[in-house]
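See structure below.
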Amino acid sequence: MNTILDHLNPPQHQAVTHTTGPLLILAGAGSGKTRVITHRAIYLITSGTARADEILAVTFTNKAALEMRERVDALLSDVGRPEDSTKITLSTFHSLGARILRRHADRLGLSWNFQIYDDQDQYKVIRNLLQSKDMETDTTSIRRMSAYIERMKNRGHSPEKAHEFAHNQQDEDNAWFYEDYQKQLRQDNCLDFGDLILGVLEIFRKDPELASAYSKQWRFLMVDEFQDTNPAQYELLSYLTSEHNNLAVVGDDDQAIYRWRGATIANILGFEKDYKGATVIKLEQNYRSTQVILDAADDVIQHNSGRRDKKLWTDKTGGEKISIFTASDEREEAQYVVEKIQIMLARKELSPSDFAIFFRTNAQARQFEEQLRFAQLPYQIVGGTSFYQRQEIKDLLAYLKVALNPGNQIDLLRVINTPSRGVGDGTVNKLLNAAQVPGIDSVYDAIRFLLGADFTFDGELKLIEPNPTDFDHDMSLEELEKMRTAQLEGIKDFYQNLQHLRDDLLHFESLAEILRQFIERIHYLAYISSKYPDSAEDKARNVGELINAIEEFEKSYDEEDPPPGSFLEEDLIESSSSMLSDATAVRKLRVFLDQSALIQNTSTGDDEPDDLDNGRVTLMTVHGSKGLEFEVAFLVGMEDDLFPSIRDSTDSEELAEERRLAYVAITRAKQKLTMTNARRRRIYGSFKENTPSRFLLDIKPERLELDPKSVVNKIDWRTSSKKKSMRAAKEISDEERYFSDGQIADANFDFDQSMDLDLSAQEQDFDEFSQVADESWAYDMDDDGFDVSQDVDDDNNELVGQTVIHKSLGIGQIKAISGSGDMASVTVDFPTSGEKTVIYKFLKIIG
DNA sequence: TGGTTCGATGATGAG
DNA sequence: CATCGAACCA
């Protein structure tokens, strides 16, 4: 009768039909936990226990959330209730936090248009703050501080709590810094990732009634990957379940791999202590891998203590042995893997998407990427630098973010001189100093103050006029007044562009079109092609992709009813009086920016469309692989020091976590697992001799088979004599020479001749491209920017319009001049790179 | 002031 | 080897 319960094994059935009260599901790898969560959600609805809008399911990654959404939707249409799809809340921890905070931003001293700083931005905030305190700004100081702040936030500690917990001077100093950091973020009207959880906690702690209200709204909670929750998230869950204790958590202590992110395995090990009377169900039947693979995983994880007792089994007995291959170096390792994939593709009924390569660190990806490209196999790298982290994307989004939230200092400083406008460090520092003045509060205000006297913008936005009398005698402001014309012009240009953008956001609906025009107006493409000639093509393509992404987003936003993130929409109207918040483009922009901050993209290795049926080989870190499965998996770089990678040898928990990581990786493979390593590996440019991973040696030999192509004849080559002794001897001598005179390595680098050819082809493409670009990106409304030459000294006017030549920028026309003599600042319009301010003496007048 | 080059230095990893 | 900051040149 109830199709939802068909095809579930007994423990799964028990988990799905357990409706109220705390529930802990210990789900081994591949035991069908997503199945249990999704089926349980549907069962809650169809059994009449819950309404769809009372269900909240939380995951860690967007990938997991997306997959769950798809499966829930499919099940809902099976049971004839597709309309419930949008009512179930299915979210990552961080987007959940963002959504709640949007509603109550004012309680944290933020306004509705707050934005989310990413790690990069966070570093900049810390750096600026350290600098303003005359402290060291080297990367280790920044990292240490950011690690401290993150640690506090992961534990749910606000600055006040951090002070309480400080037991020495160091901690006390850090806590002070943390406090200032938080103040800065508030001033910028921004949050960091940690605040997405901590901020909600602070609100709930102050107003438990509000927490209760949420708890009454979501009466049934489910949490995936519970072993990776940190104390802050755990506290958040306790608030959200305070009214009912209907919390079902799913996890596997053997797959806890985010301790370094503050996750604590104690949450899952001690669940029954906090949630009295919790039902515990173990899912131990594995539906993914062969027995050999499961046994190998068990061999590795057995060495850990303090585990929940469980043992995976499968009815797929036997299976192929695990192949081991040892290469002489990392190049050979990659060649082997790719060759192996090609052979299997030819022999078996597999497609590229059935293969995955897992590595411990991202840096290892490069070799495999090269080999795959060489073999012309399609591949994708999951993780890596996200699309939204790329410089050109961050630049453009920064403009949009500042337009929405001028308090966003980090993004404002990012683009105040992008493209170059003659606003250098000195000028920025003056603005930063002025921003310290009470009553000014932000760099944006400082700019308005600076331009306030003789500057009016005749657009729609009427901004509050600063009141100069308050600060007349302040040094910082005097500095501003003394600013030179060239810099002032640059700042004015920036401000005008920004206001123009804000104005467009108010008056036009198409975000993509607004951005397109803005890019043209600031000559952004010309700027990147002059500043980054080598990567301009890529960057321009990314800019195009950003516009496409926005267009696509707009399409779904306009179609869907309610639009994605509608949960955010309703409250904004009441909580903001600004006219900015009413404009369609502004609303769309805010949702888009949230989405881009919270969603990590994947990047593919080439430009081919994704619609090939056979898909791509997947490359990812072991961390990224959790929750996924592949017919054939390669686990590469199995060497001590790389995997396990031990940073602190006194920390035994670290080795345990590496072991769990290995357990995760091994259990991704369905049919066949291959593990590889290299005897020596280039690291930081020099070679390092390695030994096989201890995890490899933990696996019982009967499950392994060493590929005879290996350069050694034993898996544990530490004691082995070399099989190909001549070759090995040669390697050693190469290496000795390398270390003695440091010049020998060249011979190794003649890897891919075709790359040289590509280079010249690229240069040609590039020339062609920049010509095309100027036209195809043209703004169709005939506006060619602002004329900033109006208030230039009359003496210089005769030079305006002259054609000049500059050694690096080429030929251009003088637009404006300020100052006199050789050191005068001259604004020149270069056709290839847009307007630049240069010093007069470096120009040659050619008529 | 800005652009370029050179040398030092550094690599784990959700959102 | 890639990225980043400092020194230097235009």
Side-chain angles (χ1 to χ4, degrees), chain A residues 59-65 91-98 116-119 122-123 127 137-140 143 150 153-154 191-197 224-225 228-230 233 257-263 359-367 382-386 388-389 391 417 419-428 484 486-487 490 530-533 594-600 620-627 637 642-647 654 657-658 661 664 682-686 745 749 806-809 819 822-826 833 836-844:
Chain A
T59 63
F60 274 83
T61 65
N62 288 300
K63 210 159 47 189
S91 168
T92 64
F93 267 106
H94 288 90
S95 4
L96 179 70
I116 301 162
Y117 278 155
D118 65 18
D119 295 359
Q122 191 186 345
Y123 265 46
R127 167 180 258 287
T137 56
D138 56 312
T139 37
T140 39
R143 291 170 74 102
E150 201 174 84
K153 291 188 174 180
N154 285 335
L191 294 174
D192 64 16
F193 277 118
D195 285 335
L196 294 177
I197 309 297
D224 191 18
E225 307 284 10
D228 289 330
T229 50
N230 63 34
Q233 289 156 340
I257 56 175
Y258 286 110
R259 193 179 72 106
W260 52 274
R261 277 265 161 165
F359 31 81
R360 179 66 183 80
T361 71
N362 267 318
Q364 293 167 257
R366 197 187 164 72
Q367 292 292 333
V382 178
T385 327
S386 133
Y388 289 100
Q389 298 280 84
Q391 175 183 214
N417 200 33
S420 312
R421 299 187 173 89
V423 184
D425 281 353
T427 313
V428 166
R484 303 216 356 233
Q487 282 67 256
S530 89
K531 189 157 184 193
Y532 308 99
D594 266 9
Q595 219 173 74
S596 61
L598 292 166
I599 288 175
Q600 191 195 334
M620 54 169 55
T621 62
V622 178
H623 280 91
S625 76
K626 189 160 66 154
L642 183 59
F643 196 6
S645 121
I646 304 293
R647 321 175 77 180
E654 195 168 271
E657 178 139 321
E658 292 289 313
L661 209 43
V664 167
R682 248 193 124 94
I683 193 134
Y684 304 148
S686 59
F749 279 126
H806 182 276
K807 192 168 179 200
S808 56
L809 295 167
D822 273 359
M823 295 307 288
S825 300
V826 186
S833 47
K836 299 269 178 189
T837 304
V838 289
I839 305 297
Y840 180 75
K841 69 170 176 179
F842 299 129
L843 292 170
K844 192 173 170 185

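Keep in mind that the numbers below use all heavy atoms, side chains included, and drop hydrogens, waters and symmetry copies. Each chain gets a letter, A, B and so on, in the order its sequence line appears, and its residues count up from 1.
- Distance, A:Asn362 CG to B:dG13 C1': 8 Å, rounded to whole Å.
- Of the charged side-chain nitrogens involved, none lies within less than 4.0 Å of a carboxylate oxygen, so that A:Asp228 and A:Arg261 do not count as a salt-bridged pair.
- The same atom, C1', is picked in C:dT3 and in B:dA14; the two are 24 Å apart, to the nearest Å.
- Nucleic acid contact for A:Asp118: none, since no nucleic acid atom lies under 4.0 Å from a heavy atom of the residue.
- The side chain of A:Phe60 approaches B:dA14 more closely than any other nucleotide in the set B:dT1, B:dG2, B:dA14.
- A:Thr621 places no side-chain N or O within donor-acceptor distance of the main-chain N or O of A:Phe359, the cut-off being under 3.5 Å.
- Counting heavy atoms from C-beta on, the side chains of A:Asp224 and A:Phe60 never come closer than 4.5 Å.
- As judged by a 4.0 angstrom heavy-atom cut-off over every strand, A:Asp119 is placed among the base-contacting residues.
- The phosphate of B:dG3 (OP1 or OP2) has a side-chain N or O of A:Ser420 nearer than 4.0 angstrom.
- Rounded to an integer number of Å, the gap from CD of A:Gln364 to P of C:dC1 is 17 Å.
- Separation of the C1' atoms belonging to C:dA6 and B:dA11 is 22 Å when rounded to the nearest angstrom.
- The phosphate of B:dT9 (OP1 or OP2) has no side-chain N or O of A:Arg143 nearer than 4.0 angstrom.
- Between the side chain of A:Lys63 and the backbone N or O of A:Gly624 there is at least one donor-acceptor pair closer than 3.5 Å.
- Using a 5.5 Å limit on the distance between ring centres and a 30° limit on the angle between planes, the aromatic ring of A:Trp260 counts as stacked on the six-membered base ring of B:dG13.
- A:Gln364 places a side-chain N or O within 3.5 Å of a backbone atom of A:Thr361 that can act as its donor or acceptor partner.
- Following rounding to the nearest Å, A:Gln122 (CD) and B:dA14 (P) show an atom-to-atom distance of 16 Å.
- Contact annotation: A:Arg366 reaches the phosphate of C:dA2 (side-chain N/O to OP1 or OP2, under 4.0 Å).
- Atom CG of A:Asp425 and atom P of C:dG5 are 11 Å apart (whole Å).
- Both A:Val423 and A:Gly624 lie close to DNA chain B; mapped to their nearest nucleotides by heavy-atom distance, the more 5′-ward contact belongs to A:Val423.
- For A:Leu661 and B:dG13, the CG to C1' distance is 9 Å, given to the nearest whole Å.
- Taking atom CD on A:Glu150 and atom P on B:dG15, their separation rounds to 13 Å, with Å as the unit.
- In this structure, the side chain of A:Ser420 does not engage the main chain of A:Gly422 through any donor-acceptor pair within 3.5 Å.
- Taking every side-chain heavy atom of A:Thr621 into account, B:dG13 is the closest of B:dT1, B:dT12, B:dG13.
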Item to complete: Starting from the C-alpha separation in whole Å, work towards a yes-or-no answer on side chain to side chain contact (heavy atoms under 4.5 Å, CB included) for A:Asn417 and A:Thr427.
Response: CA-CA 10 Å; A:Asn417 200 33; A:Thr427 313; over 6 Å; no
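- With distances taken from any side-chain atom of A:Asn62 to the nucleotides B:dT12, B:dG15, B:dT1, the minimum falls on B:dG15.
- Counting to the nearest Å, the P atom of B:dA14 and the CG atom of A:Asp224 are 16 Å from each other.
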Discussion item. Output the pairing pattern of DNA chain B as a dot-bracket string, 5' first, Watson-Crick or G-U wobble with both distances under 3.5 Å, | for cross-strand pairs, [ ] for crossing pairs.
Written reply: ||||||||||.....
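- As a whole-Å value, the separation of A:Arg682 CZ from B:dG10 C1' is 16 Å.
- For A:Thr61, counting side-chain heavy atoms from C-beta on, the closest listed nucleotide (B:dG2, B:dG13, B:dG15) is B:dG15.
- Using cut-offs of 30° and 60° on the angle between ring planes, the pair A:Trp260 and A:His623 is perpendicular.
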